[in-house]
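Step one of this worksheet: look at the structure below.
Chain naming here is simple, since letters A, B, ... match the order of the sequence lines and numbering starts at 1 in each. Quantities reported herein were computed from a predicted structural model and do not represent experimental measurements.
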Amino acid sequence: MDPTYQPKAIEARAQAHWANTGAYQVTENAVDRHGKPRPKFYACSMLPYPSGKLHMGHVRNYTINDVMLRYLRMNGYNVLMPMGWDAFGMPAENAAIANNVPPAKWTRANINDMKSQMQPLGLAFDWSREIATCDPSYYKWNQWLFLKMLEKGIAYRKTQVVNWDPVDQTVLANEQVIDGKGWRSGVAVEKREIPGYYLAITAYAEELLEGVKTKLTGWPNQVRTMQENWIGKSVGVRFAFPHNVKDANGNLVQDGKLFVFTTRADTIMGVTFCAVAPEHPLATLAAAANPALHTFIEECKKGGVAEADMATMEKKGMSTGQFVTHPLTNEQIPVWVGNYVLMTYGDGAVMGVPAHDERDFAFAKKYSLVVKAVIAPPSWPLNRIECMEGHSNDGTREQTFPIVYVSGETDTKSMNLSWWSWRDSHSQLGQCINSGAMNGMGYEAAIDYLAAKLKPSGGEKKIQYRLRDWGISRQRYWGTPIPIINCDTCGPVPVPYADLPVILPEDLVPDGSGNPLKKDEGFLNCVCPKCGKPAQRETDTMDTFVDSSWYFMRYCSPNSNMSMVDARNDYWMPMDQYIGGIEHAVLHLLYARFWTKVMKDFGLIKFDEPFTNLFTQGMLSKECFYRQDEAGKKRWYYPNEIEVTYDDKGRPVGAISKEDGNPVILGGMEKMSKSKNKVVEPKDIIEKFGADTARAYVMFAGPPDQSAAWSDSGAEGVFRFLRRFYTFGLAQHEVVKNHPAKIEWNQLSRELKAVRHTLHSILKQATHDYQRLQYNTVVSAAMKMLNALEAVKTTADAHAVAVTREGISILIRMLYPVAPHITFQLWEELGFKATLGEIMDSPWPKVDEAALVQEEIQIMVQVNGKLRGQISVRSDASKETIEALALADEGVAKHTDGKAIKKVIVVPGKLINVVV
RNA sequence: GCGAGAGUGGCGGAAUUGGUAGACGCACUGGAUUUAGGUUCCAGCGCCGUAAGGCGUGGGGGUUCGAGUCCCUUCUCUCGCACCA
């Protein structure tokens, strides 16, 4: 065997062995050495988009997954780790436009490319379960479940407001609208209403929320909170303001009621106006007779529908001239159109309470509307609360507002609170004042009171969600065809189940203007299943989030032709560990949960939460260098173009370009991105150091759930360690083979006992860290162990040989999940395979608790909490002995001299603290 | 603005959960081997100080015999959501 570490040869050999033995193919009936069933564990990484380029983020993700699999497998688990491709989506269409290649061809080539880049990493994927979501055998079941949902009313059709590019004749996603213009055409985007299919995820809102709160204890809190906020449940009252608004023909609007939703029923007596969304029917009605209002509304509708854009907009409004009746006071309340009112939330109308809502106040201030205070602090005596007009000057004009105070109070400073300091009533709820029968009521009581009081006119206590139904129609070619046939006579008709899948033609090349399916006669033309007349297929395709909502179940039932999933799914699911990026915290993970609940309701599966544990890995960043020109434009440099200079303490003081010798700015750590020349290519690292180094370094760089920095010299350090490990291992060849048969560990010398103590405490720590997925400290544990073993002189005696042999057998197995190839080689080379079997299924080393017990221990001595000395005592020494020894220590004596000892605290086995 | 998380050497980061702060690695410094460079090996390496010693986990306060860890307060950064009534 080559005595120098040659990762390429070692890795090729190990990988060939695993491939030839089908080592990664798992089944549902795996048993252990004793014939007992192994417990299952399903660990899965989020499926990648086949961009064609494998980057270090993928490497980190899959290595975490792989390390977990290998560790658990040694611990007796039957572990599944599959891989697949999120193969539909826009990048393929963009590439098609750019290169004139059909998306299918581009996508499939990329899959092969990426697969070949993954291969040298030695990842234990069970490729027999591979999925590409663009395969008809997969998306057939998207269509099938969609039809089922349609039957049950979970899927439905309605019109939606979208960003429409009038030149490209296509719908744009929010992120494709830049400054209100289409990203390709550069033409102003229109808001347009077009029909599409929706999934009623809101029907599952409560269940999804309940699951987040009570079931998903294995998820990071951050993600749980994000989902909770996304669902956005609020409890309040929905009620109506009756009105006598007339339509264009002068007729009263039928059933004249303006419905609003409020969580602050306690402020209803403070209503001084109502505001409706620009798209609201009342606004449309008023605009018909009011050109100025019409213009204003059109202005509001312009621009993207992105909520982020709306948020930064100034609050603007215009009166409709209409009035509604306050349901409690019968006062006439003016109706305004407000650009800050969302048509998509509640009824698209709000009651305006400027005294107790910041937005309403800003609006009222701008348009000089009345402000009326109706809430006071709960501790105030109700019968003495009074209100007066106050004034403020905002620089442009005078504004009046109410001041609430307690009459007869001498300390006016503390009690004379204005409405403004009381505005944040969400966190500090108060009591109703100036509210007639509601006076003294709190927030909760007011909701119940109002709901009951307004019941005759349609008022009710209501739970409102922020979550909206999931629109899945995309006016795109490269996606799952929606299995609908549009018939002039019958309307939209579902494709019969027997005709599934509706196959997407794969030879079309989009040109950027519209959906090429619309021009493909072969796809388009068909016969209506209902009336038999000629009809046309729906050309919209499904959102790609549909594809990723259940792929992890299909892995469990590969090649299931007759059903979406089969019994094998019940064995593996729910998934024990899901691993992926935080960027999917809301959408993907929420849709997948929803999809799972639907499948459960259809009786296809037995569980209702798909992912028991979720792990979100952090980003990889890299040190970067740049130079800035006069215009402020940055030029980024590759690390190998730069020479960094240091002071004599190793602090970087500057950097120069090798090219021209002039200084370059050290840019600190930034997320790896192509635009900043900070991309590290996995294949370059593997080429240079081998896969084991790439894997071990990516694990070593930092805690897997936090962002970590890539450093070339750091990777080199890991390579040095592996090389040392290999050289050391091979050098033990004879030693390990000729080990003594039986050793009584308690007969060892003091020094060797200390070595075993070190080995087993490191093993204990590493085992603990494997369990909590802290792989960075696992690697450092391996480094420590090698350091400890190298310090042992092995040639001397049989005991030293035995300890070394034990140590190396532990070290090889401990490092195996992280660096499987080098350990595979050494395991065999040193003859462990013969006694303990293949490393992959060899037993995880056991911590020898006896080795952790020490006869003599070190005790720290503190005086007043400061470390002053160290003593060595027998582990069974009494408290008194320790105390006496500690006080006799000269370092301690120096600090206790001449002072009275108040107290002595002894922490057994650790330290003693003398208080003087 | 709301929500979540994080601040520890020149750097990445440890600290078995209230008990030796800085493990392991990188960078740097000195030495040995070799010498053209690199590799490898040994030693040093938080800050101030010649030393004794003192100071140190973003700042301030508190609880405790003892705080990186717990509580209060404040600052900074990252991420997410963002007119949700």
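- For residues 220-234 of chain A, the pairs satisfying salt bridge (Lys or Arg N to Asp or Glu O under 4.0 Å) are A:Glu206-A:Lys233, with sequence neighbours left out.
- Applying the 4.0 Å criterion to OP1 and OP2 of B:rC84, one finds that A:Asn229 has every side-chain N and O outside that range.
- For A:Arg466, a side-chain nitrogen or oxygen approaches OP1 or OP2 of B:rA82 to under 4.0 Å.
- Nucleotide B:rA82: unpaired (no Watson-Crick or G-U wobble partner with both distances less than 3.5 Å).
- With both pairing distances under 3.5 Å, B:rG5 is matched to B:rC77 as a Watson-Crick or G-U wobble pair.
- Using a 4.0 Å heavy-atom criterion, one finds that A:Ser761 contacts no nucleic acid atom at all.
- Counting any heavy atom pair closer than 4.0 Å across all strands shown, A:Phe721 reaches no nucleic acid atom.
- Glycosidic conformation of B:rG9: syn, with the torsion inside 90° of 0.
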Show the distances under 3.5 angstrom between N or O atoms of the protein and N or O atoms of nucleotides 39-41 of chain B.
unit_1: B:rU39; atom_1: O3'; unit_2: A:Arg723; atom_2: NH2; d: 3.3
unit_1: B:rU40; atom_1: OP1; unit_2: A:Arg723; atom_2: NH2; d: 2.7

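- As judged by a 4.0 angstrom heavy-atom cut-off over every strand, A:Met226 is placed among residues touching the sugar-phosphate backbone only.
- Residue contacts for A:Pro703: at a heavy-atom cut-off of 4.0 Å it reaches the sugar-phosphate backbone alone, with no base atom in range.
- An OP1 or OP2 oxygen of B:rA15 is reached within less than 4.0 angstrom by a side-chain nitrogen or oxygen of A:Gln774.
- Base engagement by A:Gln862 is indicated by at least one non-hydrogen atom pair under 4.0 Å involving a base atom.
- Annotation: of the two residues near RNA chain B, A:Gln858 and A:Gln464, the 5′-most nearest-nucleotide partner is A:Gln858.
- No donor-acceptor pair under 3.5 Å is formed between the side chain of A:Arg238 and the backbone N or O of A:Glu460.
- Across all strands shown, A:Asn787 has heavy atoms under 4.0 Å from sugar-phosphate atoms exclusively, and none from any base.
- Residue A:Leu342 places its side chain closer to B:rC84 than to any other of B:rU20, B:rG25, B:rC84.
- Taking the six-membered ring for Trp and the full ring otherwise, the centers of A:Phe725 and A:Tyr5 sit at least 6.0 Å from each other.
- The ring-ring contact (aromatic ring centres under 6.0 Å, His included) check on A:Phe363 picks up A:Phe273, A:Trp336, A:Tyr340, A:Tyr367, with sequence neighbours excluded.
- Among residues two or more places apart in sequence or in another chain, the ring-ring contact (aromatic ring centres under 6.0 Å, His included) test is passed with A:Phe545 by A:Tyr591.
- Residues satisfying the ring-ring contact (aromatic ring centres under 6.0 Å, His included) test with A:Tyr71, not counting sequence neighbours, are A:Tyr770, A:Trp844.
- Base pairing analysis places B:rA52 opposite nothing; no Watson-Crick or G-U wobble pair with both distances below 3.5 Å involves it.
- You'll find that the side chain of A:Gln222 is closest to B:rC79, out of B:rA82, B:rC65, B:rC79.
- Donor-acceptor pairing under 3.5 Å is recorded for the side chains of A:Asp712 and A:Trp710.
- Remark: B:rU69 base-pairs with no nucleotide in the shown strands. Criterion, Watson-Crick or G-U wobble with two distances under 3.5 Å.
- One finds a side-chain N or O of A:Asn776 lying less than 4.0 angstrom from the OP1 or OP2 phosphate oxygen of B:rA14.
- In this structure B:rA21 sits in no base pair that meets the Watson-Crick or G-U test at under 3.5 Å.
- Across all strands, A:Val915 comes closer than 4.0 Å only to sugar-phosphate atoms, never to a base (heavy-atom distances).
- Residue A:Lys365 contributes atom NZ, which lies 17 Å from atom C1' of B:rC83 at whole-angstrom precision.
- Nearest to the side chain of A:Phe700, among B:rA4, B:rG12, B:rC26, sits B:rG12.
- Nucleotide B:rU39 has no partner under the Watson-Crick or G-U criteria, as no pair reaches both atom distances under 3.5 Å.
- Pairs engaging residues 268-278 of chain A under the salt bridge (Lys or Arg N to Asp or Glu O under 4.0 Å) rule: none recorded [sequence neighbours left out].
- Listed candidates were B:rA85, B:rC26, B:rC81. Nearest to the side chain of A:Val350 is B:rA85.
- Look at A:Ser713 and you won't find any side-chain N or O under 4.0 angstrom from OP1 or OP2 of B:rG25.
- Using a distance-only test at 3.5 Å, with no hydrogens or angles considered, a donor-acceptor pair links the side chain of A:Asp469 to the main chain of A:Thr202.
- Partner assigned to B:rA27 is none, using Watson-Crick or G-U wobble distances below 3.5 angstrom.
- Within the 4.0 angstrom heavy-atom criterion, only backbone atoms of the sugar-phosphate kind lie near A:Gly717; the bases stay farther away.
- Residue A:Lys784 places none of its side-chain N or O atoms closer than 4.0 Å to OP1 or OP2 of B:rC24.
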